[in-house]
Amino acid sequence: MPLFQSLPGFREFPPEALARRNHIFRLWRQAALTFGFVEYDAPVVESLELYKAKSGEEIEQQLFSFTDKGGREVALRPEMTPTVCRMVGAKAGSLKRPIKWFSIAEFYRYERAQKGRERAFFQFNADLFGEAGVEADIELIALLVQCLTAFGLTERDFFVRLSDRDLWCYYLEALGLDEPRVRVLLTAIDKHEKLGDGAFQVFTDAFGPLDPALKGKVLAFLQIKSLEQLAATLAPVGGGKLMGRLADWRRLLDGLAAMGLARFVEVDLGVVRGLAYYTGFVFEAFDRQGELRAIAGGGRYNHLVAKLGGPDLPAVGFAIGDVTMGLLLEARGLIPALVQAADVYTVLGGEEERKAAFGDIQALRAAGYRVEYPLRPLAFGKQFKAALESGARLALIYGGDELARGVVKLRDLAGRSERDLPRDQVLAAVRDTLAGG
RNA sequence: GCGACCGUAGCUCAGUCGGUUAGAGCACCAGAUUGUGGAUCUGGGUGUCGCGGGUUCGAUCCCCGUCGGUCGCCCCA
């Protein structure tokens, strides 16, 4: 038994696992860059107040927080949104709009680990600031889709559930509910999928029995699956705010359809997201099988930058977690074999030959080729096995016979063919052979 | 924070109705093998049976606790 183990919920990444992680990061990064997002990074430790200001006092329960040696109350970051809002808020005056930033970073939450959830995990975060129109929402949802399809996932593997907090608020207001009742009812709606009718208990507890007619309308709203149904439901209600939102929905869905992404997106007003700061469209990506927790989530948060001390900047963003993403890719067989192969393996006849080879090895490496050779004297047979296991395409053979003739043997390991090279042509020959196919 | 299940080698697991020195496959290491291929053969166990305590003549096995894992609840930014 090891004397020390990693802490609960903290994963280790031995080379194979790190290769997988880097593969995921590489495709996320590539997707973001093609959408014109620029990468940033930020501190891992922040003031505890930053998170309390955004999420309330209870959040401390879920944080790795402590008092530093200067007496400051601090926390390991549990998410990127407050930080990026602060960063963008501070520089907003000098940043060209729209502001499109992304990051890939590790986060920490003091929670019990379970399937798809660890205490330390990575997230891809993308946020767009300074654009209030649905064009920004389209951009983010399209990027989210790209971040998943880049791996070979299709509409049969995942979908994006699209909802709208503003729409809910305006609708419930139109049905005669005041703001406190709207807020509590939204909490119930958020839990309805899991708890069913029991979800409304929180409302009953706070305000007494829910009017059956009202409840019926809420349940009917949750059933809406298309823009047409939404329009039909809202038409009799009317009102400028609701009609405005309906127009936004139309533009959003039209835009996504024009991008060819309609097949990934479903109208689903059951998604509310617990966060009070969301102000408009909200969305979450799920696997089609319904076996995993959310793959990604995001939405519009138009007032958070101001709340954290910056200018009033409209914003929309989302995050993808690496844990659920990894589970999904694994389940679909979409994690490729990520082998780290050498370019050249150098077979050494003996100590004299080793010295003779070192100059070439160094030159090849300086030229960017991955070159391996046995660190200890090894029989030729073993060296050829090692050459194969290294994945190298070429072997350079430094034997006594060859050196006596002023040559080195270049072996194509796959083709099993060999030829002699004059000593001074090793680098050029390797370059030509590897470049040639 | 709560609950259920689980914990034997690097991995997957066997095992002991409580009994000598804890096993297999894979992986790994060495040799056969000092001039050519993933093979084969030989050898190597690499282990605090998670940890601590209890019961017992004797515990990897039974009991309690604890730590860790998995899954779920709470929460989910």
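So that the names make sense, note that chain A is the first sequence line, chain B the second, and so on, each numbered from 1.
With both ends at atom C1', the span from B/U20 to B/G54 equals 25 Å, rounded to whole Å. B/G44 and B/G23: their P atoms are spaced 13 Å apart (whole Å). Look at the C1' atom in both B/C61 and B/U56: the space between them is 13 Å, to the nearest Å. For the P atoms, the distance linking B/C13 with B/C71 amounts to 15 Å, nearest Å. Comparing B/C49 with B/U21, their P atoms are spaced 13 Å from each other, to the whole Å. To the nearest whole angstrom, the two C1' atoms, one in B/C57 and one in B/U46, are 33 Å apart. Spacing of C1' atoms, B/A24 relative to B/G68, comes out at 26 Å, to the nearest Å. A gap of 9 Å separates the P atoms of B/C28 and B/A39, to the nearest Å.
What separates CZ of A/Phe121 from P of B/C76 is a distance of 14 Å, to the nearest Å. Nucleotide B/C11 holds its P atom 12 Å from the CD atom of A/Glu12, rounded to whole Å. Separating the CD atom of A/Glu111 from the P atom of B/C2 is a distance of 16 Å, rounded to the nearest angstrom. Atom CZ in A/Phe318 sits about 19 Å away from atom C1' in B/C76, given to the nearest Å. In this structure, the CG atom of A/Leu348 is 13 Å from the C1' atom of B/U34, given to the nearest Å. Computed from coordinates, the A/Leu396 CG to B/G35 C1' distance equals 16 Å when rounded to whole Å. If you measure from atom CZ of A/Arg119 to atom C1' of B/C75, you get 13 Å, rounded to the nearest angstrom. Remark: C1' of B/C76 and CD of A/Glu193 are 14 Å apart, rounded to the nearest angstrom.
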Worksheet entry | Dot-bracket summary - RNA chain B, pairs being Watson-Crick or G-U whose distances fall under 3.5 Å, with | when paired to another strand | (((((((..((((.....[...)))).(((((.......))))).....(((((..]....))))))))))))....
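Here side-chain hydrogen bond (donor to acceptor under 3.5 Å, both in side chains) pairs that include residues 382-392 of chain A, with residues two or more places apart or in two chains, number zero. Pairs of residues two or more places apart, or lying in two chains, that qualify as ring pair (Phe, Tyr, Trp, His ring centres under 6.0 Å) and include a residue from residues 335-362 of chain A are A/Phe358-A/Tyr373. Sorted by first then second residue, the side-chain hydrogen bond (donor to acceptor under 3.5 Å, both in side chains) pairs that include residues 279-290 of chain A, not counting sequence neighbours, are A/Glu266-A/Arg288, A/Arg273-A/Glu284.
Residue contacts shown for A/Arg376 are limited to sugar-phosphate atoms, with no base heavy atom under 4.0 Å away. Residue-level contact check: A/Gly297 touches neither bases nor backbone, having no heavy atom under 4.0 Å from any strand.
With hydrogens and angles left out, the side-chain atoms of A/Thr34 and A/Gln146 include no donor and acceptor closer than 3.5 Å.
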Response to the item:
In 5'-to-3' order, the base (B), backbone-only (S) or no-contact (-) status of each nucleotide in nucleotides 36-42 of chain B, using a 4.0 angstrom heavy-atom cut-off, is BBBB---
Worksheet item: Along nucleotides 67-73 of chain B, 5' to 3', which nucleotides get a B, which get an S, and which get a -, given that the test is a protein heavy-atom distance under 4.0 Å?
Response: -SSBSBB
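Within a 6.0 Å sphere centred on CD of A/Glu351, other residues, nucleotides and ligands contribute more than 12 heavy atoms.
Listed by chain and residue number, nothing satisfies the side-chain hydrogen bond (donor to acceptor under 3.5 Å, both in side chains) test with A/Gln30 (two or more places apart in sequence, or in another chain). Partners of A/Arg423 under the side-chain hydrogen bond (donor to acceptor under 3.5 Å, both in side chains) rule, at least two apart in sequence or in another chain, do not exist in this structure. Contacts of A/Ala285 classified as side-chain contact (heavy atoms from CB on, under 4.5 Å), with partners at least two apart in sequence or in another chain: A/Leu144, A/Leu148, A/Val160, A/Ile295, A/Ala296. Residues that satisfy the ring pair (Phe, Tyr, Trp, His ring centres under 6.0 Å) test with A/Phe203, not counting sequence neighbours, are A/Phe207. The side-chain hydrogen bond (donor to acceptor under 3.5 Å, both in side chains) check on A/Glu291 picks up nothing, with sequence neighbours excluded. A search for side-chain hydrogen bond (donor to acceptor under 3.5 Å, both in side chains) contacts involving A/Lys115 returns nothing, not counting sequence neighbours.
Both tests pass for A/Arg21 against the ring of A/Phe13: distance under 6.0 Å to the centre and angle within 45° of the axis. Cation-pi geometry between A/Arg119 and A/Tyr110 is satisfied (NZ or CZ under 6.0 Å from the ring centre, within 45° of the ring normal).
Remark: A/Lys191 is in phosphate contact with B/C75, judged by side-chain N or O atoms under 4.0 Å from OP1 or OP2.
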